[in-house]
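Excluded from the calculations below are hydrogen atoms, water molecules and symmetry mates; all remaining heavy atoms, backbone and side chain alike, are included. The structure displayed is predicted, hence computed values, not measured ones.
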Amino acid sequence: MSTLQIFLAVGGGLVLAGLVGHSAWSARKNQPKQATPVPPPPAPPSAFKPQSPAPAAPAGAKASAKSEPPAQSAKPAPASDEKAAAKRQEVPVFEADSNLAGLTELTAPEKKPSLDILIDAIAAVSLEAVIIGEAALAAMPGTRRVGSKPFSIEGLNVSGSAWEYPVAGQRYSAFQCGVQLANRTGALNQIEYSEFVIKTRAFADAIGGEAQFPDMNDEVARARELDQFAVDHDAQLGMTLQAIETAWSPGYVQQCAEQLGFVPGVIPGRMMLPASQPGQPPILVLSFDSRAAMAEDPEQTALRAFSMALDVPQVLRAEKPFARMCEVALKMGSHMDGVIVDDAGNRIRPEAMEVIYADLEQLYDRLDARELSAGSVLGRRLFS
């Protein structure tokens, strides 16, 4: 073999080795970031101390040793020592979120929202005599909607003198039926109002009452005005976090989100940041591809982006939802090597976040002035 052939063979081997190394490096670089495995807790220390072997007795003492009672086994450690040892081995993985402490306490269920003249068209149903709750429940219509609007019936409890949803065993002296004037599907129209009248009259006839309705044209006009206000003051914000270079695995995204207080949702690929008050909707909703979350091997699935959404009228102003949204996005973007963009793919800078925050404060003020504060019962009903 000549020198040229040897040189070409060595050069070809080096080129092949370089290609193999570059391929391996590219594959490792493009592999999605994985979640850090959580180390298992250390094994609990033994509560019993091993008994050291007894020293050998002299030959002359064997006979006397037989007459002595056998030595008792070592006594178990006191219960206090076991509790202290178990307490020492508890190592928290994530720092607890103080806002979630209230969610672990048992709370009474939230009372269903009452009818309110501010957003409902209400018809009064008068009675000649008091009736029991069982009779009212038997006369309830089959559906609780009029078109696309919620329909409700409430009774005036004789004992408590308060309007409530009819309950078996209670007595009621009057009733009122209502239909919501507007929601995110639009304003109440004439057809829906006519259906409301039909349902209310059927209920009133079944319980022996007489219904009195407000003027249809006035209520439809109120519905249109309320719907226009809702359209002008509705706000749903979203941010998207895109990977700059290396993609993420679903487990990596979930682990980073959990460290900031998010909890898994019912739908795969969705996580929520719970509110500090029970019964309130989540502050933020984090979403990524549900197919990646349900893949056979999710850790080998690459995610290039995920989104966060804020439904402004549904969340209490005191939660400071947009400030928390920006804080979460900035922290996750810095830790995960990502960039914050809007729905059009344009980068969102901190200066733009400050402008949006100022606009939201004015929006909150207008909702408060209309008694439809963000996160309130009426506000959540209107913007639903």
Does any N or O in the side chain of Tyr172 come within less than 3.5 Å of the main-chain N or O of Glu164, such that one atom is a donor and the other an acceptor?
-> no
Distance-only donor-acceptor hits, side chain of residues 341-359, under 3.5 Å, sequence neighbours excluded:
unit_1	atom_1	unit_2	atom_2	d
Asp342	OD1	Ala344	N	3.1
Asp342	OD1	Gly345	N	3.0
Asp342	OD1	Asn346	N	2.7

Distance-only, no hydrogens or angles: does the Asp120 side chain make a donor-acceptor pair with backbone N or O of Asp116 under 3.5 Å?
-> yes
Trp248 and Phe306: aromatic ring centres closer than 6.0 Å?
-> yes
Say whether, by atom type as modelled, one donor and one acceptor occur between the side chain of Trp163 and the main chain of Ser114 under 3.5 angstrom.
-> no
Heavy atoms, side chains only, cut-off 4.5 Å: are Ser307 and Met239 in contact?
-> no
Determine, stepwise, if the pair Phe229 / Leu367 fulfils side-chain contact (heavy atoms from CB on, under 4.5 Å).
-> CA-CA 9 Å; Phe229 174 84; Leu367 290 175; 4.0 Å; yes
Would you call the rings of Phe175 and Phe203 parallel, tilted or perpendicular if under 30° counts as parallel and over 60° as perpendicular?
-> perpendicular
Test side-chain hydrogen bond (donor to acceptor under 3.5 Å, both in side chains) applied to Ser384 and Gln314, step by step | CA-CA 8 Å; Ser384 63; Gln314 292 287 327; 5.5 Å; no
Working for side-chain contact (heavy atoms from CB on, under 4.5 Å), residues His233 and Arg370 = CA-CA 11 Å; His233 296 82; Arg370 189 66 184 262; over 6 Å; no
Donor-acceptor under 3.5 Å (Ser334 side chain, Leu330 main chain) | no
Any side-chain donor paired with an acceptor under 3.5 Å for Gln180 and Ser152?
-> no
Side chains of residues 205-216: which donor-acceptor partners sit under 3.5 Å, not counting sequence neighbours?
unit_1	atom_1	unit_2	atom_2	d
Asp215	OD2	Asn217	N	3.1
Asp215	OD2	Asp218	N	3.1

Audit row: Leu188, Arg222, side-chain contact (heavy atoms from CB on, under 4.5 Å) steps and yes/no | CA-CA 9 Å; Leu188 183 76; Arg222 284 208 309 135; over 6 Å; no
Taking the side chain as every heavy atom from C-beta outward, state whether Tyr193 and Leu181 have any pair of such atoms under 4.5 Å apart.
-> no
Should Leu360 and Pro321 count as side-chain neighbours, where that means a heavy-atom distance under 4.5 Å?
-> no
Do any side-chain atoms of residues 133-142 form donor-acceptor pairs under 3.5 angstrom with protein atoms, and if so which ones, sequence neighbours left out?
unit_1	atom_1	unit_2	atom_2	d
Glu134	OE1	Gly169	N	3.4
Glu134	OE2	Gly169	N	3.1

List the steps and the verdict of side-chain contact (heavy atoms from CB on, under 4.5 Å) for Val167 and Asn157.
-> CA-CA 9 Å; Val167 179; Asn157 195 315; over 6 Å; no
If two hydrophobic side chains count as joined below 4.5 Å and joins carry through other members, does Phe288 share a cluster with Val328?
-> yes
